[in-house]
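Each remark here refers to the structure printed beneath this line.
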Number of protein chains: 2
Amino acid sequence: MDDDQLSRVRRFNRAVTHRIGVLDGNYLGSGRPLGEARLLFEIGREGTTVRELRARLGLDSGYISRLLRTFEAEGLTRLEPDARDARVRRVTLTPKGEREWDMLDQRSRDRAAALLEPLGPSQRQRLLDAMAEVERFLRASAVAIQPADPFSDEAQACLQAYFQELAARFDTGFDPARSAPAEPGDLVPPSGWFLVARLDGAAVGCGALKIQGDGYGEIKRMWVAPPVRGLGVAQRLLRALEERAAAAGVDVLRLDTNGSLTEARKLYARNGYGEIPPYNDNPYAQHWFEKRGLQSAR
Amino acid sequence: MDDDQLSRVRRFNRAVTHRIGVLDGNYLGSGRPLGEARLLFEIGREGTTVRELRARLGLDSGYISRLLRTFEAEGLTRLEPDARDARVRRVTLTPKGEREWDMLDQRSRDRAAALLEPLGPSQRQRLLDAMAEVERFLRASAVAIQPADPFSDEAQACLQAYFQELAARFDTGFDPARSAPAEPGDLVPPSGWFLVARLDGAAVGCGALKIQGDGYGEIKRMWVAPPVRGLGVAQRLLRALEERAAAAGVDVLRLDTNGSLTEARKLYARNGYGEIPPYNDNPYAQHWFEKRGLQSAR
DNA sequence: AATATTGTCTGACTAAAGTCAGAGATATGG
DNA sequence: CCATATCTCTGACTTTAGTCAGACAATATT
């Protein structure tokens, strides 16, 4: 990787932790240690369960329990068993706790304001735009692509989302049963792969490979959740599938797609897929693509 | 301030501290507590003084002293009195310390690489550009404009830099003695102001106001250091001077400038200054500007 | 109904990260 | 040369931020 690029990233990290970290690590000034402030803030005005807090902050349950007891001693929170599952506890803020929370919120708001305050309107806009861009790409870089079990709930949820989207985008609607088949059983090694793109553990995309034998395979079920589109996730899914295809001895990859999926067609064209005559009678397919020479590219 | 803008800033803060903080707070994995790792890293391959470390990291001197002793016990650093001032201690890394430092450096590099690695080339570029932009504007927002003593070393340094730059930019060179006078004594209340723009304590710009009486004043010595140009510092200096002028009863502000200072002319035009005939015989001035109605705008 | 799992709490510990009040060695301004 | 300030060090403390093992209650699984 380019050395200059790395040092630019590191420089950004330093700058941001210096300007924001300094300000943001300082939940201090609230007269409350950081851990307490974080927890109190995370409880939020609507309250949550202890379990949620544990998951979100990644803290030891004993530790949280103790912090919550100091809050209770101060009269900031109330703890009661959850209505649905009496093992879990619901934490809610008392009126006093709400005032404390509001104060923390105001502090956080003030810090943000202090950042923008010295800037003129156009500079503010540019800063905000750049922030949004950084955020987007940091999110993109946190997306991980991994093989998954196509029978899993996660995979099924992806496929559901995918089918629903097709149904919404096709004039004719979409019925999975009528389309070219790709049973979960075909999408596990050695006859295929099912890959999932995950962001912070949640699935935000998928793609499948069905190996037909004789050095020939098909790409299927390419889907990316709307919030992470335009971040190159599809590109990475495709590349990952191609790598696995090539490793499995596939030399020719085919796929079909619908005319309404413009982005998809561009993606394939950009990656060396050429349009070919129909190779199946999938009623939803309007374009068929092929890429040859995966083996020679290895 | 716009509420939506604030929440966007806060969102960015969260996202960045989440992604980078998670990666960066983890100097861990170095087998060394964060405090030690930070200190060791900050010492750097060239070494520093304890005093520097104290200032840069904002730590208690006792605390630093103790950390340094653990480093010495491990054979990572050497401490010796500074050549110039025997009160201060110089810390330098031993060869073993250098290896340890290199390891930390490599870790930091790896973390940066992990951020870029999943992205394609064009996305990388966009991320880096956006990072640079955010960094610039965070820097801009950290610039503070404050009144300063025009006799101070800081102010004199600014003026030196200003004169040097004029000398470099004017075809004719520049001799302060021949230009329109503005003695430090004229630039303190009640007859004037000298404002300094500071970034992290260091002066990066200045501007002066000379109140001539009869509701009339002059702007002088507007200068911004090259590294922070284009961030709106001059704009803010000008506005701050105008506010003080207006508060002091000035209604008409004038200033002169040279044709080679294009940015300056644009700045004045944008802020309601209109070109007028020469009002002095400053040999370096080629354009004279005036802004009226400061009192009515109050 | 028996067994396993999950969620919370308690008590007992630990490491990290500081804070504070001097003491002692230099330096600096008058 | 004296008073004052600066810098570092030491010892004695405190607070923060955890970790870990087990106990207990409620729920889920078989």
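Just so it is clear, the values below take in all heavy atoms, side chains as well, and ignore hydrogens, waters and symmetry mates. Chain naming here is simple, since letters A, B, ... match the order of the sequence lines and numbering starts at 1 in each. Since the structure is predicted, the reported quantities are computational estimates derived from the model, not experimental observations.
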Apply side-chain contact (heavy atoms from CB on, under 4.5 Å) to the pair B/F71 and B/V91, showing each step before the final yes or no.
-> CA-CA 10 Å; B/F71 287 162; B/V91 206; over 6 Å; no

Checking salt bridge (Lys or Arg N to Asp or Glu O under 4.0 Å) for the pair B/E135/A/R11: CA distance, chi angles, key distance, verdict?
-> CA-CA 9 Å; B/E135 207 188 314; A/R11 200 180 138 152; 2.7 Å; yes

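Counting only residues at least two apart or on different chains, the salt bridge (charged side-chain N to carboxylate O under 4.0 Å, His left out) pairs with a member in residues 92-103 of chain B are B/R32-B/E100, B/R45-B/E98, B/R45-B/D102. Sequence neighbours left out, the pairs with a member in residues 55-65 of chain A that pass side-chain hydrogen bond (donor to acceptor under 3.5 Å, both in side chains) are A/E42-A/R56, A/E52-A/R56, A/S65-A/R69.
Rounded to whole Å, atom P of D/dT8 lies 8 Å from atom CG of B/D85. For B/E36 and C/dG18, the CD to C1' distance is 14 Å, given to the nearest whole Å. Straight-line distance from the CZ atom of B/R90 to the P atom of D/dT8: 11 Å, rounded to whole Å.
A salt bridge is absent between B/R8 and B/D3: the closest approach of a Lys/Arg side-chain nitrogen to an acidic carboxylate oxygen does not fall below 4.0 angstrom. For the pair A/E72 and A/R78, the salt-bridge criterion is not met [side-chain N within less than 4.0 Å of a carboxylate O]. Between A/R19 and B/D200 there is a salt bridge, since at least one side-chain N of the basic residue sits less than 4.0 Å from a carboxylate O of the acidic one.
Distance from the side chain of B/P33 is smallest to C/dA17 among C/dA27, D/dA28, C/dA17. Of the candidate nucleotides D/dT6, C/dT5, C/dC9, D/dT6 has the atom lying nearest to any side-chain atom of B/R87.
Contact annotation: B/R89 side-chain N/O to D/dC9 OP1/OP2 distance is under 4.0 Å.
Only A/R66, listed by number, bring a heavy atom of residues 64-76 of chain A to less than 4.0 angstrom from any atom of DNA chain D. For the contact set between residues 49-63 of chain A and DNA chain C, defined by any heavy atom under 4.0 Å, the members are A/V50, A/R51, A/R54, A/S61, A/G62.
Between the side chain of A/W101 and the main chain of A/F41, a donor-acceptor pair closer than 3.5 Å is present.
Contact annotation: the side chain of B/I43 approaches that of B/L93 to within less than 4.5 Å [non-hydrogen atoms, C-beta and beyond].
The end-to-end axis angle of the helix from C/dA1-D/dT30 to C/dG30-D/dC1, rounded to 10 degrees and based on five pairs per end, is 30°.
Closest-nucleotide positions on DNA chain D for A/G35 and A/R84 were compared, and the one nearer the 5' end corresponds to A/G35.
Note on ring orientation: taking the six-membered ring where Trp is involved, the planes of A/F12 and B/F12 are perpendicular (angle over 60°, cut-offs 30° and 60°).
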Without placing hydrogens or testing angles, list every side-chain donor-acceptor pair under 3.5 Å for residues 139-150 of chain B, not counting sequence neighbours.
| unit_1 | atom_1 | unit_2 | atom_2 | d |
| --- | --- | --- | --- | --- |
| B/S141 | OG | A/L115 | O | 3.1 |
| B/Q146 | OE1 | B/R198 | NH1 | 2.3 |
| B/D149 | OD1 | B/F151 | N | 2.8 |

